[in-house]
Number of protein chains: 2
Amino acid sequence: MEQTSAGRGRYHHGALKESLIEGACRLLADKGVTGFSLHELARRVGVSVAAPYRHFENRDALLGAVATRGYEQLLRILGESMNETADPVDQLRCFGVCYIQFAIDNPELFGIMFNDRYRSETEAAQRASFAPMIDFVGQAQRVGVLTPGVPAPEIARFLWASAHGLTVLHLNGGFKALGIDDTPRALIDSAWSAFLGDQPREDVAPG
Amino acid sequence: MEQTSAGRGRYHHGALKESLIEGACRLLADKGVTGFSLHELARRVGVSVAAPYRHFENRDALLGAVATRGYEQLLRILGESMNETADPVDQLRCFGVCYIQFAIDNPELFGIMFNDRYRSETEAAQRASFAPMIDFVGQAQRVGVLTPGVPAPEIARFLWASAHGLTVLHLNGGFKALGIDDTPRALIDSAWSAFLGDQPREDVAPG
DNA sequence: ACCTGAACACCGTTCAAGT
DNA sequence: ACCTGAACACCGTTCAAGT
């Protein structure tokens, strides 16, 4: 065998830890949490079953690292999307729509991110994902589109929570029998209309 | 060995299926989904490892039955609590508080109930739990405390979703760093104040 | 320091066999 | 019809041993 990717390639890898995380992300997406196994991951990455234990204390620690990647990916998506408009209300709406879409695109990853089992691993990344949301609420308050009476973290928390609940119920199929438009955009518009006003803006021209 | 409980007691049980579900509920609460195993369940119930397969197609089907029990229990709790007052707004508040409290008391069960994995088993029970909520929203609309313009199922869905999101974030510890009162009651009051008015009623005298 | 080989206890599921 | 016994492939984790 030739040396693998990273250069030094002593036994098998130069960067096994990174390969494990990437492989784990794919394996999780393929098989779900229940189908996820360290044996198969080791097989896929081409390494012995014991090798991952040099880099992660156990299965939970590895899945915690995957969940953390999830938060980083979500943060990046939210950042990109919310920068497409300067209107604070549209930014908040963007957050909700992207949040639901992210969960639809990565259901197994999303399912892991809020599991108490991995909290110690994901805590920091979760807080980092939450921070920009608070900023945008603060901006909306300063512009006068949200009441300044309530602390921004409290409003942000509620917007996050309701987006989260809508997402879970949507993934769970809870809206199918209700005969309601259940696109991410429609869910958010309808849910947040009491806060953000009833008429969503049409196609926003990028900056 | 003497005959067990139910009477006929041919080999071991009269009602193995019921024993399995009850044992599974306890095992789930003890060990969580990840720690839950059919081998240990069979051991606890005092039956061979193959026996459960006469009553459930597989592990998922058994956990689906447990999740269904969860919905039935939640429905009972909601019903009891919401009957303690006749005021529609207090009834809705009751729903939110009970919902969060149920999840705090049964975190592993709650975690299973909204997993897509068991949806086919839980679908009907979930809809049944959701129905009274729609009724109460309808009543609140007729009394004029909620706008009649929006269909009741849509409002109910949103209240459920936001309660669900608050619950998950709360269980996940997401409110600890924010320095906010995070009792179930405070979470619901703050979250729903825009819909249900700002001043929650004090102790309601029962019927 | 980083990885392999081999092993252990445990798990989901199956199936022939018992009553 | 309902259950047992025995088995299979698989999994999480450990540990002595290799380079």
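Below, chains carry the letters A, B, ... as their sequence lines are ordered, and counting in each starts from 1.
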Counterpart residues, side chain to side chain contact (heavy atoms under 4.5 Å, CB included), relative to [X] (two or more places apart):
{"X": "Asp135(A)", "value": "none"}
{"X": "Ala67(A)", "value": "Ile112(A), Met113(A), Thr122(A)"}
{"X": "Glu123(B)", "value": "Arg119(B), Arg127(B)"}
{"X": "Asn58(A)", "value": "Asp60(A), Ala61(A)"}

message: In this structure, which stretches of DNA chain C are paired as stems of three or more consecutive Watson-Crick or G-U pairs, both distances less than 3.5 Å?
response: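 Stems (3+ consecutive pairs) listed as C:4-8 with D:12-16, C:12-16 with D:4-8.
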
task: Name all pairs fulfilling the ring-ring contact (aromatic ring centres under 6.0 Å, His included) condition that reach into residues 74-95 of chain A, sequence neighbours left out, sorted by first residue then second.
output: Phe95(A)-Tyr99(A), Phe95(A)-Trp160(A)

Qualifying residues under ring-ring contact (aromatic ring centres under 6.0 Å, His included), relative to Phe114(A), sequence neighbours excluded: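 Only Tyr71(A), Phe110(A), His164(A) meet the ring-ring contact (aromatic ring centres under 6.0 Å, His included) criterion with Phe114(A).
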
query: Roughly how many Å is it from CG in Leu41(B) to P in dT13(C), rounded to a whole number?
result: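 Spelled out: CG on Leu41(B) to P on dT13(C) is 13 Å.
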
task: Mind calculating the distance between CD (Glu40(A)) and C1' (dT13(D)) to the nearest angstrom?
output: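 These atoms are roughly 18 Å apart.
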
- request: Would you list the pairs meeting salt bridge (charged side-chain N to carboxylate O under 4.0 Å, His left out) in which at least one residue belongs to residues 38-49 of chain B, sequence neighbours left out?
  value: Asp30(B)-Arg44(B), Lys31(B)-Glu40(B), Glu40(B)-Arg44(B)

Within the 3.5 Å criterion, strictly below it, is a donor on [X] or [Y] matched to an acceptor on the partner's side chain?
{"X": "Arg59(B)", "Y": "Thr34(A)", "result": "no"}
{"X": "Asp105(B)", "Y": "Gln101(B)", "result": "yes"}
{"X": "Arg157(B)", "Y": "Ser190(A)", "result": "yes"}

- prompt: Can you give one letter per nucleotide of nucleotides 5-10 of chain D, going 5' to 3': B for a protein heavy atom under 4.0 Å from the base, S for sugar-phosphate only, - for none?
  reply: BB----

field: Of all pairs that satisfy side-chain hydrogen bond (donor to acceptor under 3.5 Å, both in side chains), the ones with a partner from residues 45-56 of chain A, not counting sequence neighbours
entry: none

- request: With a 4.0 Å heavy-atom cut-off, tell me which residues in residues 20-36 of chain B come close to DNA chain D, sorted by residue number.
  value: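 DNA chain D contact set from residues 20-36 of chain B: none.
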
task: Using a cut-off of strictly less than 4.0 Å between a heavy atom of the residue and any atom of DNA chain C, enumerate the qualifying residues of residues 54-62 of chain B by number.
output: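 DNA chain C contact set from residues 54-62 of chain B: Asn58(B), Arg59(B).
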
- request: Please round to the nearest 0.5 Å and tell me the distance separating atom OH of Tyr118(A) and atom CG of Leu62(A).
  value: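 Going from the OH atom of Tyr118(A) to the CG atom of Leu62(A) covers 10.0 Å.
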
query: Between Gln141(A) and Thr147(A), does a side-chain hydrogen bond (donor to acceptor under 3.5 Å, both in side chains) hold up when you go through it step by step?
result: CA-CA 6 Å; Gln141(A) 286 179 315; Thr147(A) 163; over 6 Å; no

